[in-house]
Amino acid sequence: MSGQSQRLNVVPTVTMLGIMKARLVGATRGHALLKKKSDALTVQFRQILKKIVSTKESMGEIMKNSSFSLTEAKYVAGENIKHIVLENVQNASLKVRSRQENVAGVKLPKFEYFTEGETKNDLTGLARGGQQVQQCRAAFVKAIEVLVELASLQTSFLTLDEAIKTTNRRVNALENVVKPRLENTINYIKGELDELEREDFFRLKKIQAYKKREIERQLAAAKEFAEDKIAEKVSLQKGVSINSAHNMLSAAMEKDEDIIF
């Protein structure tokens, strides 16, 4: 959507022009900030993706070693080692807790494991296979650490993915819809105000021309009225008609002009 043929339905006034310019400035600043936020989230997204790839590559080897350690422990200590371990364990010693990390305004969930209490497995494998049981436990503890880290990375990965999509949608909306619409509205208001200014200028010229013609008409009427008064006075003094008096005045005026020039 280009937005070139779109504008807001507003009244073209100077006040509205100022409001549209202020909104355009705000939209430009918001677009710049969201663009920077999108870039920061993309950088973090790529870093987490690299960590996920490396963690998954190491997880295969770690899970293989832990499974092999369990097989060794079963072979040395016997198949009943599983029941013995379960009898000795009352509560989990490894636990997981979550926290939030703020990245460019986006809260990413982070999981971390911690040890709580002591593991009561001192007598496990006392008869035989004690060393293999401890090695098996250490291998699975390491596997749990990797799984917790991978779960944290993948959860952050999904959260960042949604945040980047939302931010990019807002950036595109500001860039392709909101800003062009505001710019078209500003251009429309400017055009309408220029047209109104030209109309006012033309109206003023018409009014001035009308006033000038009216003044000239009034001056001509006053001059004609004065000439009529003088002609009437001359007619009474000389005892001639009004037309003759007008002719006498016209002749006198022409004579005066000849004398002057």
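Here the structure is a predicted model, which means the values were calculated and not measured.
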L24 versus K179, closest heavy-atom pair with distance
CD1-O, 4.1 Å
State plainly whether one hydrophobic cluster holds both L8 and V177, where clusters connect Ile, Leu, Val, Met, Phe, Trp and Tyr through side-chain heavy atoms under 4.5 angstrom apart.
no
Looking only at atom types and distance, does a side-chain atom of S38 sit under 3.5 Å from a main-chain N or O of K35, one as donor and one as acceptor?
no
Is there a path of hydrophobic side-chain contacts, each under 4.5 Å between heavy atoms of I, L, V, M, F, W or Y residues, that connects I19 with V178?
yes
Hey, what do you get for NZ (K110) to CG (L108), rounding to the nearest 0.5 Å?
6.0 Å
Tell me which one of K21, R7, R181 satisfies side-chain contact (heavy atoms from CB on, under 4.5 Å) with I186.
K21
If I take atom NZ from residue K107 and atom CD from residue Q100, how far apart are they, to the nearest 0.5 angstrom?
5.5 Å
Which heavy atom in P109 sits nearest to a heavy atom in S156, and how many Å separate them?
O-OG, 3.0 Å
Is it the case that over 12 heavy atoms from other parts of the model lie below 6.0 angstrom from the CD atom of E214?
yes
Output for pair (T185 OG1, Q6 CD), nearest 0.5 Å, gives 9.5 Å
Residues 140-152, side-chain donor-acceptor partners within the protein, below 3.5 Å, at least two apart:
{"residue": "E145", "atom": "OE2", "partner": "Y113", "partner atom": "OH", "Å": "2.7"}
{"residue": "S152", "atom": "OG", "partner": "F111", "partner atom": "N", "Å": "3.3"}

Treating Ile, Leu, Val, Met, Phe, Trp and Tyr as nodes and any side-chain heavy-atom pair under 4.5 angstrom as an edge, say whether M16 and V14 lie in one connected cluster.
yes
Should the pair E216-R213 be classified as a salt bridge under the 4.0 Å nitrogen-to-oxygen rule?
no
K205 NZ to D200 CG distance, which is reported to the nearest 0.5 Å:
14.0 Å
D39 and K36 ion-paired at < 4.0 Å:
no
Residue from T159, T167, T166 passing side-chain contact (heavy atoms from CB on, under 4.5 Å) with V106
T159
For L193 and P12 the tightest heavy-atom approach is CD2-O, 3.7 Å
L174 CG to R29 CZ distance, which is reported to the nearest 0.5 Å:
14.0 Å
Can you spot which of V43, I48, T42 makes a side-chain contact (heavy atoms from CB on, under 4.5 Å) with R46?
T42
N-O pairing of E112 and R97 below 4.0 Å:
yes
Any donor-acceptor N/O pair, S67 side chain to K64 backbone, under 3.5 Å
no
Closest non-hydrogen atom pair, M20 against L182:
SD-CD2, 3.9 Å
Taking NZ, NE, NH1 and NH2 as the nitrogens, is one of them in R198 or D194 under 4.0 Å from a carboxylate oxygen of the other?
no
Which distance, rounded to the nearest 0.5 Å, do you find between the CZ of F45 and the CD1 of I164?
5.5 Å
Over all heavy atoms of both residues, which pair between L49 and F157 is shortest? Give the atoms and the distance, please.
CD1-CE1, 3.8 Å
Ignoring hydrogens, what is the shortest heavy-atom contact between Y188 and V10? Give both atom names and the distance.
CE2-O, 4.1 Å
Same cluster (ILVMFWY, side-chain, under 4.5 Å), L153 and V103
yes
Under the criterion side-chain contact (heavy atoms from CB on, under 4.5 Å), I'd like the reasoning laid out for E199 against E195: C-alpha separation, chi angles, the key distance, then a yes or no.
CA-CA 6 Å; E199 290 178 359; E195 185 67 24; 3.9 Å; yes
